[in-house]
Amino acid sequence: MLLRNFHCFAIVAILGIMCSNLHLKAQNQPRPQPTGQWLMYFGDHKIKDNWSLFTDVQMRNYFNRDNLKQMLLRGGLNHKFSKTTSAMVGYAFVHTTPSQLSSTGFSTAEHRIFEQLMFNHWMGANVLNVEHRYRLEQRFIDILDQAESSVNYANRARYRLAVKYPFYHLNMSLKHIFLAAYDEIFVNFENKQSGDLFDRNRAYVALGYQFNPLANIQIG
């Protein structure tokens, strides 16, 4: 009951922050055009009992010369305590270059250490799966365009609320199709890189197809 109340408090807090920060300042990298694409791969590979290796590869706005280019590589060691609770520690490398059309951006290489807790549960007679992810990040950001190395250190906290609705509740002929959505907010403890306490809010909605119990693809 205490854990569920904490989740409810977190959801209310996130909604309040979103409503009070409708006009966030732009991120440090300029974006002359709003178009682009993110290609994302996530994998969780079991190694022993409740232990697994997490892999994450993302290419962001990579094929559009009018926008920044960003590559993210992330890996982690995950431990599952129960069907509903897991924890992870890991490392990420993020390389960012500005738009070819921008003269104000800069290239960065970020080394990131993170710790994470995840909880999930079902609502509405196992109709809607709800997932809560809490992540802390220790960020070492190197500005590559300067003659001398300039590494900024920053701490950041993230909370993501995700839901998944499988369509087999509507019709068994749709048993492989599902709807996925999440909203994630980022909070800075150091403002050298992004400026604001509330760094950004990231929302996602996608239609998914479950190939088998171990793999799915989403577009959204």
Side-chain angles (χ1 to χ4, degrees), residues 3 6-7 9-11 13-14 17-18 21 24-31 38-45 47 50-62 68-81 85-98 105-120 131-162 182-204:
L3 183 60
F6 179 72
H7 289 329
F9 171 78
I11 295 171
I14 293 300
I17 291 169
M18 290 172 59
N21 289 273
L24 294 179
K25 293 173 66 176
Q27 297 173 26
N28 59 326
Q29 297 287 4
R31 288 157 172 77
W38 286 17
L39 303 177
M40 303 180 287
Y41 165 81
F42 303 98
D44 194 26
H45 313 279
I47 53 177
N50 295 321
W51 294 90
S52 62
L53 289 176
F54 173 78
T55 55
D56 177 2
V57 179
Q58 300 188 36
M59 309 295 282
R60 299 174 175 175
N61 300 328
Y62 199 68
L68 67 84
K69 300 177 183 178
Q70 189 173 75
M71 177 186 69
L72 183 148
L73 304 174
R74 181 185 284 120
L77 181 63
N78 188 61
H79 180 68
K80 194 171 185 178
F81 296 100
T85 307
S86 65
M88 183 191 303
V89 294
Y91 163 82
F93 174 76
V94 186
H95 184 270
T96 305
T97 57
F106 47 83
S107 299
T108 61
E110 177 180 345
H111 300 275
R112 184 184 302 172
I113 302 169
F114 69 93
E115 304 83 33
Q116 170 179 300
L117 283 174
M118 290 183 66
F119 306 93
N120 71 82
E131 179 185 87
H132 307 266
R133 188 180 76 184
Y134 306 89
R135 180 180 289 177
L136 294 175
E137 296 177 332
Q138 298 81 52
R139 308 171 66 201
F140 301 86
I141 306 166
D142 187 5
I143 301 177
L144 302 176
D145 296 336
Q146 297 183 353
E148 297 181 0
S149 178
S150 175
V151 178
N152 295 319
Y153 174 74
N155 292 295
R156 186 166 66 182
R158 301 165 56 169
Y159 168 72
R160 188 186 74 179
L161 173 65
Y182 69 72
D183 192 270
E184 183 172 19
I185 194 164
F186 298 66
V187 179
N188 288 310
F189 294 105
E190 296 283 345
N191 60 7
K192 292 180 181 179
Q193 191 68 12
S194 296
D196 287 340
L197 173 63
F198 301 106
D199 184 11
R200 70 196 68 188
N201 186 83
R202 184 175 294 167
Y204 173 81

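Note that CZ of Phe189 and CD of Glu137 are 11.0 Å apart. Values are rounded to the nearest 0.5 Å. Once rounded to the nearest 0.5 Å, the distance linking CG of Asn78 with CD of Gln116 reads 7.5 Å. If you take CD1 on Ile141 and OG1 on Thr108, they are separated by 7.0 Å, rounding to the nearest 0.5 Å. Atom CE in Met59 sits 8.0 Å away from atom CG in Leu73 (nearest 0.5 Å). Distance CZ/Phe93 to CZ/Phe140: 14.5 Å, rounded to 0.5 Å. Taking CG of Leu72 as the start and OG1 of Thr96 as the end, the distance is 8.5 Å to the nearest 0.5 Å.
Within the 4.5 Å cutoff, the side chain of Thr55 has heavy atoms near those of the Tyr41 side chain. Side-chain atoms of Leu77 and Leu53, non-hydrogen and from C-beta on, do get closer than 4.5 Å to each other. At a threshold of 4.5 Å between non-hydrogen side-chain atoms, the residues Met118 and Asn120 do not count as touching. In this structure, Arg133 and Arg158 have side chains that are in contact, with non-hydrogen atoms separated by less than 4.5 Å. Two residues are said to be in side-chain contact when any heavy atoms from C-beta on lie closer than 4.5 Å; His95 and Leu144 meet this criterion.
Ring planes of Tyr204 and Tyr182: parallel class, angle under 30° (limits at 30 and 60°).
Each of Glu184, Glu131, His132 was checked for a side-chain hydrogen bond (donor to acceptor under 3.5 Å, both in side chains) with Arg160, and the lone residue meeting it is Glu131. Tested against Tyr91, the residues His111, Arg74, Arg112 include a single side-chain hydrogen bond (donor to acceptor under 3.5 Å, both in side chains) partner, His111.
Taking every heavy atom of both residues into account, Phe81 and Ser86 meet most closely at CD1-CA, 4.1 Å. The two residues Ala157 and Leu136 come nearest to each other via the heavy atoms CB-CD2, 3.8 Å. When all heavy atoms of Asp183 and Ala203 are compared, the pair lying nearest together is OD2-CB, 3.6 Å.
A cation-pi contact, defined as under 6.0 Å to the ring centre and within 45° of the axis, is absent between Arg156 and Phe186.
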Trace of the side-chain contact (heavy atoms from CB on, under 4.5 Å) decision for Asn188 with Arg139
CA-CA 11 Å; Asn188 288 310; Arg139 308 171 66 201; 4.3 Å; yes
List the steps, then state whether side-chain contact (heavy atoms from CB on, under 4.5 Å) holds for Arg135 with Met88.
CA-CA 9 Å; Arg135 180 180 289 177; Met88 183 191 303; 5.6 Å; no
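Looking at Gln70 and Gln58, their side chains never bring a donor and an acceptor atom within 3.5 Å of each other.
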